[in-house]
Amino acid sequence: MPLLELDAVDVFHGDLQAVFGLSFELDAGEALALIGANGAGKSTLLRAITGLTPARRGAIRFAGTSLTALPAERIAALGIAMVPEGRLLFPSLSVEENLLMGTLTRRAGPWSLASVYGLFPVLREMRGWPATRLSGGQQQMVAIGRALMSNPRVLLCDELSLGLAPLVIEEIYQAFARIRTDGLAIVLVEQDVARACAVSDRMLCLLKGRATLAGRSGDVSQERIAEAYFGSLDQ
Ligand code: ATP
């Protein structure tokens, strides 16, 4: 049984349908790259999995349990955590307090303050600082650490590299490789398609809310990705 399974999922924002009949499966330990242009529906799909924007039709199952009717806090408690686009840290809290917010839905597992500080040593030095005084890259580290603190089984990452300098992006993705242990399954939304494919096992491309290409990340050619990403001229 797959750890996470989406079957013909439709997601709406009010009257606007953003995701059309989307299906995929994710096993424990697998990383799936979700790629597509701005507005393709990637964030909407992540929000549907977390229950923040519930799917209107279709099925989302986690380890065989239907998530479709569950509120977001129950879904988080089952072991699905998100690193949201824009980080969404708590501005009045310190770095450490932000990390501890991730323990509200904590399961047993390898991640703790000590192991997050081991992954991102700079956060230990800044543990008492207000989160808003950190650089963008350091804030992203806090957002990743906060999600890991819940010891998730599925980690949803929305644009980890957005707005960050190349060196910081390298640092974040080096950490990403270390996070991929103990069977954690990952869905990664990333604008840098080459990087997304390099760090994932499988990829799924969305265009205007529909899947246009799915395959093993190492097998799909640049040409096929470009076609799936931009669509053919008659679309
Ligand atoms: P980006 O890379 O820009 O974040 P995306 O692939 O994540 O793009 P979504 O943010 O999921 O795309 O947006 C999919 C569609 O849903 C777009 O047409 C967008 O305008 C629309 N949309 C997203 N959020 C809302 C919202 N809160 N209310 C109404 N429409 C929305």
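In listed order, ligands and their atoms are each counted from 1.
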Nearest heavy atoms of [X] and [Y], plus distance in Å:
{"X": "S217", "Y": "M203", "answer": "OG-N, 3.5 Å"}
{"X": "A147", "Y": "P152", "answer": "O-CD, 3.4 Å"}
{"X": "N151", "Y": "A108", "answer": "CB-O, 3.8 Å"}
{"X": "V11", "Y": "P54", "answer": "CG1-O, 4.1 Å"}

### Query
Going by atom types alone, do Q191 and S161 pair a side-chain donor with an acceptor below 3.5 Å?
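Distance-only check fails for Q191 and S161.
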For ligand 1, does [X] get within less than 4.0 Å through its side chain, its backbone, both, or neither, judged by non-hydrogen atoms?
{"X": "H13", "value": "side chain"}
{"X": "V189", "value": "neither"}
{"X": "S43", "value": "both"}

Heavy atoms from other residues, nucleotides or ligands near [atom1] of [X] exceed 12 (cutoff 6.0 Å):
{"X": "R56", "atom1": "CZ", "answer": "yes"}
{"X": "E171", "atom1": "CD", "answer": "no"}
{"X": "R107", "atom1": "CZ", "answer": "yes"}

Using a 4.0 Å cut-off to any heavy atom of [X], which atoms of ligand 1 qualify?
{"X": "A37", "result": "6 (O)"}
{"X": "A40", "result": "5 (P), 6 (O), 12 (O)"}
{"X": "Q191", "result": "2 (O)"}

### Message
Under 4.0 Å from atom 17 (C) of ligand 1, can you find at least one protein heavy atom?
### Response
yes
#### Entry: Within-cutoff protein neighbour (heavy atom, under 4.0 Å) for atom 20 (O) of ligand 1
no
### Check: M126 and R133 side chains under 4.5 Å, non-hydrogen atoms
no
Would you check whether [X] reaches within less than 4.0 Å of ligand 1, judged by its heavy atoms?
{"X": "E159", "result": "yes"}
{"X": "G14", "result": "no"}
{"X": "G36", "result": "no"}

Specify the protein heavy atom at minimum distance from [atom]: its residue, its atom name, and the distance to 0.1 Å.
{"atom": "atom 6 (O) of ligand 1", "result": "K42 NZ, 2.7 Å"}
{"atom": "atom 9 (P) of ligand 1", "result": "T44 OG1, 3.5 Å"}
{"atom": "atom 12 (O) of ligand 1", "result": "G41 N, 3.1 Å"}
{"atom": "atom 4 (O) of ligand 1", "result": "E85 OE1, 3.4 Å"}

### Task
Quick one: pull up CG in L123 and CD in Q139 and give me the separation to the nearest 0.5 Å.
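One finds 10.5 Å between CG of L123 and CD of Q139.
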### Query
From R146 CZ over to T103 OG1, what is the distance, rounded to the nearest 0.5 angstrom?
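It is 11.5 Å, given to the nearest 0.5 Å.
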### Query
Polar-atom distance check: L16 versus ligand 1, any N or O pair below 3.5 Å?
no
#### Entry: Close N or O approach (G39, ligand 1; < 3.5 Å)
yes
### Query
Any idea which of D158, L46, N38 brings a heavy atom closest to atom 3 (O) of ligand 1?
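Of the listed residues, N38 has the closest heavy atom.
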